[in-house]
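Structure, as C-alpha cells:
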Amino acid sequence: MSDTILEVPPIAITMGDPSGVGAEVIVKALAQHAPADRRRFVVVGDRETLERAAGTSGSDVAFHAFGEAGSAGSIALAHVPVAGLPGRFGVLDPACGEACYQYIATAVAMAQSGSAAGIVTAPINKEALNSAGHHYDGHTGMLAALTGAPSSFMLLASERLKVIHVSTHISLKGAIDRAMPERILATIRAGHAHLRRMGYEAPKIAVAGINPHCGENGLFGDEDDRHVQPGVAMARAEGIDVVGPISADTLYYRAYQGAFDLVVAQYHDQGHIPIKLVAFDSAVNVSLGLPIDRTSVDHGTAFDIAGTGRANHVNMLCALDYAARLAASRPAA
C-alpha cells in the first residue's frame, strides 16, 4: 500500500547531523518496531548515511521512497540530497550543518501541508549549523522561524517530572532579563494547555524562583517579587492551578514525588539538570507554541561514538512514542 493513502499521515523523523548518531538511533529505534508499525513514520534525511548506520549498528532495515509502495517492513524515506557530505561519521562539517537545516525545513513543510502528522528530530550540531550560514540557537528557534511562530517553549517530559522553560539557550543574565511577568504567564499557559491535551484534567503547576530562596524578601534580589509573582498571579486569575515562586532547591523534589504535574523553570540549567539526573535516557524534548507538533531526543550528536554502533536509542524510542501520542490527540480537522 502506498504511504500517500494512509488514513493517518506518518510522523516525519529528521536525521539530524549526518556525522552524528542521529542515523544510528533512528534505524535502531525503527528496527525495534514491528514491521507494520514502521509505516507510521517517514525518515527525512540521506539514504547513504542511513544505510551506512544500519550496517555499522547491525540493524536489519530497508528503505523505500516516500509515496511509493515498499516491501513489508521497509521504512519510508524522503531523501534530501545535500552536496559535499563527508561520507563518514564523527566530523564537524558545514555541509552537515546545511543538511541539518534542509532536513528540518523539509519536515516542517510536510507537517504544515498535512502530509506529516508531526516531526521528531534527531540531534543537530549548532556549530555546524551556524557555519553553514543558518544562525539559530538550535531546533526550537529554527522551528519558530520556519513556522512563523511568534515564540516557542521547550518542555522536557519524563514519567515523573516535567519541566517547561521560560528561556533556554541564552546567557544567565539574558535569562533573568527575559523573566518578565508576561513571558512567565505565556509559559504557564503553554504548559497548562499541553498537559490538558495530554489528558490532565486540572494540571497542578509550580513556578520556580529565580534567586536563592526566591530572594529571601529582597535580601538576595527582588526579581521574584517584581516579576515572577505577578506572572503567577495573572495565571491564577485565569483559573490555572499554579503556585509560586517556590525555591528551586526543594521544588523539584516535591514535583518528583507527585505534588505537581509540571514545573516552570526560569532558565536552561535550572530545568535541564534535574531532568537529566532522573531521566537521562528517557526524557523527551517537546516544542510548544508552534503550529506543528515536534518532539526530540534530549541528547547531542555524540561525534565521539558516531559510527561505532554504540549509541543508545532508548531516547529516540521515547520521542517516537510521545510523538505518536500527540498525533493521536490532534484535534479533528
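Heavy-atom basis, side chains included; hydrogens, waters and symmetry copies ignored. For the single chain, residues carry numbers from 1 onward in sequence order.
R294 and S287 get closest at one heavy-atom pair: NH1-OG, 2.8 Å. Of all heavy-atom pairs spanning I275 and L161, the tightest one is CD1-O, 3.3 Å. For C100 against L129, the heavy-atom pair with the smallest separation is CB-CD1, 4.5 Å. Closest non-hydrogen pair, P35 versus G73, comes out as CB-CA, 3.6 Å. A pairwise comparison of heavy atoms in I104 and L146 identifies CG2-CD1, 3.9 Å as the closest pair. Taking all atoms of both residues into account, the shortest heavy-atom contact from Y267 to H165 is O-CD2, 3.6 Å.
Heavy atoms of other residues, nucleotides or ligands lying less than 6.0 angstrom from CD of Q257 number more than 12. In D304, the CG atom is crowded: over 12 heavy atoms of neighbouring residues, nucleotides or ligands sit closer than 6.0 Å. Residue-environment remark: CD (E48) exceeds the threshold of 12 foreign heavy atoms within 6.0 Å.
The backbone N or O of V314 lies less than 3.5 Å from no partner atom in the side chain of K28, so there is not a single donor-acceptor pair. Judged purely by atom type and a 3.5 angstrom limit, H192 has no side-chain atom pairing as donor or acceptor with the backbone of I188. Although no hydrogens or angles enter the test, the distance criterion places no donor-acceptor pair under 3.5 Å between the side chain of E24 and the main chain of A53. Between the side chain of N315 and the backbone N or O of D298 there is at least one donor-acceptor pair closer than 3.5 Å. Under a 3.5 Å cut-off, the side chain of D261 and the backbone N or O of K204 do form a donor-acceptor pair. Using modelled atom types, no side-chain atom of Q102 and backbone atom of E98 make a donor-acceptor pair closer than 3.5 Å. Checking side-chain atoms of S115 against main-chain N and O of M110 turns up a donor-acceptor pair under 3.5 Å. When atom types are taken as modelled, the side chain of S282 and the backbone of E159 share no donor-acceptor pair closer than 3.5 angstrom. The closest donor-acceptor contact from the side chain of T308 to the backbone of R310 lies under 3.5 Å. Between the side chain of R38 and the main chain of I75, no donor-acceptor pair closer than 3.5 Å is present.
Inspection of the D224 and N211 side chains reveals an N or O donor paired with an N or O acceptor under 3.5 Å. A donor and an acceptor atom, one from each side chain of S74 and H64, are located under 3.5 Å apart. Counting only N and O atoms by type, the side chains of R88 and S19 include no donor and acceptor under 3.5 Å apart. Side-chain contact annotation: Q32 with H313, donor-acceptor N/O pair under 3.5 Å present.
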*Test I176 against H227 for side-chain contact (heavy atoms from CB on, under 4.5 Å), laying out the working first.*
CA-CA 10 Å; I176 294 170; H227 301 156; over 6 Å; no
*Would you please test V82 and D46 for side-chain contact (heavy atoms from CB on, under 4.5 Å) and show each step?*
CA-CA 8 Å; V82 175; D46 178 70; over 6 Å; no
*Could you go through the side-chain contact (heavy atoms from CB on, under 4.5 Å) check for Y136 and H169 one step at a time?*
CA-CA 10 Å; Y136 300 102; H169 296 132; over 6 Å; no
*Tell me, with the steps shown, if I170 and D177 meet side-chain contact (heavy atoms from CB on, under 4.5 Å).*
CA-CA 10 Å; I170 57 176; D177 292 340; over 6 Å; no
*asked:* Checking D293 against R197 for the salt bridge (charged side-chain N to carboxylate O under 4.0 Å, His left out) test, could you report, in this order, the C-alpha distance in whole Å, the side-chain angles of both residues, the deciding distance, and whether it holds?
replied: CA-CA 12 Å; D293 290 329; R197 179 179 171 186; 2.7 Å; yes
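The distance from the OG1 atom of T140 to the CG atom of N285 is 5.5 Å, given to the nearest 0.5 Å. Atoms CG and CZ, on L290 and F153 in that order, are 10.0 Å from each other to the nearest 0.5 Å. We find the CE-NE2 distance between M15 and H79 to be 9.5 Å, quoted to the nearest 0.5 Å. A distance of 9.5 Å separates CD1 of I273 from OH of Y252, quoted to the nearest 0.5 Å. We find the OG1-CD distance between T301 and E127 to be 10.0 Å, quoted to the nearest 0.5 Å. Here S158 contributes atom OG and L277 contributes atom CG; the two are 11.0 Å apart, rounded to the nearest 0.5 Å.
Ion pairing between R189 and E238 holds under the 4.0 Å rule for side-chain N and carboxylate O.
Ring geometry for H213 against F220 counts as tilted: the plane angle lies between 30° and 60°, on a 0 to 90° scale. Ring geometry, H194 versus Y322: the interplanar angle falls under 30°, so the pair is classed parallel (tilted spans 30 to 60°).
Here the rule is side-chain contact (heavy atoms from CB on, under 4.5 Å) with V232, and of Q229, R236, M234 only R236 fits it. Between M316 and the options D321, T295, V25, V27, a side-chain contact (heavy atoms from CB on, under 4.5 Å) holds for only V25.
Considering only heavy atoms from C-beta on, V21 stays 4.5 Å or farther from N312 through its side chain. Residues Q112 and I292 have side chains in contact (heavy-atom distance under 4.5 Å, counting atoms from C-beta outward). Proximity of V163 to L155: side-chain heavy atoms (C-beta onward) are nowhere separated by under 4.5 Å. Considering only heavy atoms from C-beta on, V297 comes within 4.5 Å of P123 through its side chain. Side chains of I13 and I119 form no contact here, defined as non-hydrogen atoms less than 4.5 Å apart. Looking at C96 and P86, their side chains come closer than 4.5 Å, going by heavy atoms from C-beta outward. Taking 4.5 Å as the limit, some side-chain heavy atom of H272 sits within range of a side-chain heavy atom of M154. Residues M142 and H134 are not in side-chain contact: their nearest non-hydrogen atoms beyond the backbone lie 4.5 Å or more apart.
Linking Ile, Leu, Val, Met, Phe, Trp and Tyr residues whenever their side-chain heavy atoms come within less than 4.5 Å leaves F303 and L50 in two separate clusters. Side-chain heavy atoms closer than 4.5 Å link hydrophobic residues (I, L, V, M, F, W, Y) into clusters, and following such links, even through other members, never connects I26 to Y101. Taking hydrophobic clusters as Ile, Leu, Val, Met, Phe, Trp and Tyr residues chained together by side-chain heavy-atom distances below 4.5 Å, L77 shares a cluster with F66. M180 and V166 fall into different hydrophobic clusters, defined by Ile, Leu, Val, Met, Phe, Trp and Tyr side-chain heavy atoms under 4.5 Å apart, directly or through other members. Linking ILVMFWY residues whenever their side-chain heavy atoms come closer than 4.5 Å, directly or via other members, leaves L320 and V284 in distinct clusters.
Residues H33 and F41 bring their aromatic ring centres within 6.0 Å.
Cation-pi geometry between R254 and F260 is not met: the NZ or CZ atom fails to fall both under 6.0 Å from the ring centre and inside 45° of the normal.
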